[in-house]
Amino acid sequence: MSSNAVNSHPLRCWAEIDLAALERNLKLIRASLPPHIRYVAVVKADAYGHGLHHTAARLMHAGADLFAVANVTEAAALRELGPGWPILVLSPLLPEEDHALAENDLAATVSSADEVARFDAVGHAAGRPVPVHLKIDTGMGRLGVWHEDAPALCQTILAAPHLRLAGVFTHFASPDDDLAFTAEQRRRFLAALERCPGLKLNEIFVHADNSAGLETMPGTSPFNAVRVGLLQFGVLPHPHSLLAQVHTEPVFSFSTRVGLVKSLPAGTTVSYGRTHTLPHTTTVAILCAGYADGLPRSASNRASVLIRGRRCPVLGRVTMDQTIVDVTDVPGVAVGDDAVLVGRQGGAEITLAEFSHNADTIPWETLTSVTKRVPRLYKTALGT
Ligand SMILES: Cc1ncc(COP(=O)(O)O)c(C=O)c1O
């Protein structure tokens with residue numbers, strides 16, 4: 001890969017996105033669910049840093065039913081891929097963004113009567129109804145109408161002449177580690193829906209489950225869609241997840257190159273703040289990536305990288321553009337060698353989970369923190 005170049009610039013730090021794996025993952029997730037369950041592909045934040053256009057195009061091809069993005073700017077970028085694909089905006093709109101709903105044919109999330117009135121006015125002005133998904137807060141304490149008040153808001157939506165209720169949903173607060181509370185959220189959601197007369201659940205999207213939710217999704221229930229982000233990128237929501245049985249594969253890998261190799265004497269302190277002192281003569285490699293690429297400073301003195309198939313620990317603080325690693329035990333390390341931050345090299349692997357753990361963060365944040373400076377290279381062949 002290191003012989004590759006983007007626009008004739010050699011690669012210093014890059015992410016490789018395996019679109020064929022993405023497609024296989026979507027199909028595996030679908031196959032693990034009852035056939036009537038529709039697939040809402042969560043592609044907010046530039047498709048979790050993978051690149052919106054490439055990722056969404058492949059997910060369309062693979063059979064996603066609906067796309068969920070964070071805001072109208074992301075939605076407008078997605079709409080460039082073509083008309084017709086249903087797009088749901090998950091975050092609240094600012095009033096000055098409302099017009100974008102009609103312009104880009106988007107569905108909005110509704111949590112309040114104020115939003116109902118605003119979006120109804122958009123539909124009125126456009127001369128066609130605006131699709132909306134009613135969000136019910138069952139214990140996340142973020143977006144959505146509080147579940148006890150959901151029936152009233154549902155009636156308001158159904159009575160609004162220029163809105164079309166296209167879905168109802170909720171979002172779990174701790175689906176990975178609090179099964180009892182997740183079950184209580186499901187119960188509150190279904191109880192709220194039962195108190196909404198006039199709702200035709202089989203004609204709209206009814207969704208709650210993100211990746212971790214899939215572990216406890218009931219076999220038969222009114223839920224007829226899932227809202228998946230992380231798992232489609234081949235990353236488990238937590239280390240002991242039952243979703244390992246789905247056998248998704250990583251889509252994202254992250255690499256840099258060795259820019260300099262040198263020997264430093266025992267007692268030398270390394271990098272800003274002098275947080276690491278070399279106990280003996282050490283061969284160090286200076287990598288062409290730092291926190292301005294998405295290798296977080298919190299990985300200082302904790303992460304490892306793979307060079308020549310061997311693990312090399314980060315020494316001292318990660319800096320803006322460079323990171324120092326110990327290559328004393330790896331024979332022959334040379335300027336230009338690939339250094340894998342996340343991914344496989346030889347028989348070794350650093351998973352996104354391990355990298356994130358070493359950076360004191362979560363995979364969602366790691367993926368969305370890889371910066372603009374890092375070119376995304378797309379692997380498209382379908383393979384096996
Ligand atoms: C409302 C909503 N639904 C679904 C998702 C997807 O979650 P996950 O990436 O865990 O599958 C997210 C992610 O943050 C979200 O905010």
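Counting starts at 1 for both ligands and their atoms, following the listed order. All heavy atoms count here, side chains included; hydrogens, waters and symmetry mates do not.
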Aromatic plane relationship, His162 with His124 - under 30° parallel, 30 to 60° tilted, over 60° perpendicular: tilted
Ionic contact status for Asp46 with Lys372, cut-off 4.0 Å: no
Ring-face cation contact, Phe205 with Arg227, 6.0 Å cut, 45° max: no
Matching residue for His207 among His171, Arg38, His133 - test: side-chain hydrogen bond (donor to acceptor under 3.5 Å, both in side chains): His133
Residue shell around ligand 1, heavy atom under 4.0 angstrom: Val42, Lys44, Tyr48, Lys135, Arg142, His171, Asn210, Ser211, Arg227, Val228, Gly229, Leu230, Trp364
SB check Arg30 Asp65 (cutoff 4.0 Å): yes
Salt bridge present between Glu115 and Arg118 (N-O < 4.0 angstrom): no
